[in-house]
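Here the structure is laid out as C-alpha cells; the discussion comes afterwards.
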Amino acid sequence: MTAEEMTNRYLQRLDKRLMAYETALNQTIADIESDYDQGYLDVTEAQWQDIIVLVGGIVQTNTRMIHEASECVRTDGEVSGSLLNLLELAKHFATLDFSEAPLIKQEAKAWHK
C-alpha cells in the first residue's frame, strides 16, 4: 500500500467519523430543544446564550470559544442529560479528538506489511 493509498483510506474513515459526530451533535441539539419544550430541562437565560455561543464555536471550529462557552454553561446553571451530552461532544470538537488514534495505528501496520 502506498502512502497516498494509506492517506486516502484514513481520510475516508475520518470523513465517516466526522459525519457520525455531526449526526450526534444535531441529535443532541434536537434533544435539548425537545427536553426544554417538554419541561425536562431547566436552563437559565444565561445558559441559553452560552449554548448558542457553544454551538457557534463548534460550527466555526473555534476552540477558544468552545472552551469558554462550555465553562459558562456549567457556571451559569445546572448541567445534566442532553445538555451534558452537548458538553461532552463539544470537548471532542475543541480537541479535535475524533477517536482516530487506533485507526492510524491500524493503517500504519497495514502499510508496513
Side-chain angles (χ1 to χ4, degrees):
M1 177 182 301
T2 68
E4 182 178 355
E5 291 169 332
M6 187 174 97
T7 301
N8 287 336
R9 186 185 230 175
Y10 171 75
L11 289 174
Q12 288 172 348
R13 287 182 179 171
L14 181 59
D15 282 344
K16 287 179 185 177
R17 189 60 113 165
L18 288 173
M19 286 190 294
Y21 273 91
E22 177 185 20
T23 300
L25 177 63
N26 290 335
Q27 183 59 53
T28 300
I29 292 169
D31 291 346
I32 288 171
E33 291 172 350
S34 174
D35 289 351
Y36 181 77
D37 290 343
Q38 295 177 25
Y40 300 135
L41 182 64
D42 184 30
V43 295
T44 66
E45 182 64 32
Q47 279 181 305
W48 274 124
Q49 294 301 317
D50 299 334
I51 291 167
I52 292 166
V53 172
L54 177 58
V55 172
I58 291 169
V59 169
Q60 297 173 20
T61 60
N62 183 327
T63 58
R64 184 182 55 78
M65 189 185 297
I66 294 170
H67 287 295
E68 289 175 1
S70 294
E71 187 61 33
C72 288
V73 168
R74 292 182 189 281
T75 58
D76 287 337
E78 185 180 327
V79 174
S80 62
S82 53
L83 188 52
L84 185 60
N85 291 343
L86 177 62
L87 293 174
E88 289 299 317
L89 279 170
K91 215 184 298 183
H92 288 276
F93 282 97
T95 61
L96 300 179
D97 174 14
F98 299 107
S99 302
E100 289 294 323
L103 290 177
I104 295 169
K105 291 177 185 174
Q106 289 173 0
E107 292 297 323
K109 285 181 185 177
W111 189 68
H112 288 294
K113 286 183 178 181

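Bear in mind that the values here come from a model prediction, so they are computed numbers and not experimental data.
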Does the side chain of Leu54 come within less than 4.5 Å of Leu87's, by heavy atoms?
yes

Partners of Ile51 by side chain to side chain contact (heavy atoms under 4.5 Å, CB included), sequence neighbours excluded?
Trp48, Val55, Val73, Leu83, Leu86

Can you tell me how far the CD1 atom of Ile66 sits from the OG1 atom of Thr95, to the nearest 0.5 Å?
9.0 Å

Is any side-chain heavy atom of Glu78 less than 4.5 Å from a side-chain heavy atom of Gln47?
no

What pairs with Glu71 under salt bridge (Lys or Arg N to Asp or Glu O under 4.0 Å), at least two apart in sequence or on another chain?
none

Could you state the interatomic distance from CD (Glu4) to CZ (Arg9), rounded to the nearest 0.5 Å?
14.0 Å

Side-chain touch Leu84/Arg74, heavy atoms, less than 4.5 angstrom:
yes

Determine, using the 4.5 Å side-chain heavy-atom cutoff (strictly less than), whether Ile52 and Leu41 are members of one ILVMFWY cluster.
no

To the nearest 0.5 Å, atom CG of Leu89 lies from atom CD of Glu22 at 12.0 Å

Within the side chain of Gln60, is there an N or O that forms a donor-acceptor pair under 3.5 Å with the backbone of Gly57?
no

Side chain proximity check, Cys72 to Val53, heavy atoms < 4.5 angstrom
no

Any link between Leu25 and Met19 through a network of hydrophobic side chains (Ile, Leu, Val, Met, Phe, Trp, Tyr) touching at under 4.5 Å?
no

Test side chain to side chain donor-acceptor pair (under 3.5 Å) applied to Ser82 and Asp31, Thr28, Asp35, the passing residue
Asp35

Looking only at the side chains, is there a donor atom on one of Gln38 and Ser34 sitting less than 3.5 Å from an acceptor on the other?
yes

Rounded distance [0.5 Å steps], NZ in Lys91 versus NE2 in His67:
10.5 Å

Going through the checks in order, is the side-chain contact (heavy atoms from CB on, under 4.5 Å) test met by Phe93 and Thr61?
CA-CA 7 Å; Phe93 282 97; Thr61 60; 5.7 Å; no

Evaluate whether atom CG of Asn8 has more than 12 neighbouring non-hydrogen atoms of other residues, nucleotides or ligands under 6.0 angstrom away.
yes

So OH of Tyr21 and CD1 of Ile58: to nearest 0.5 Å the spacing works out to 12.0 Å

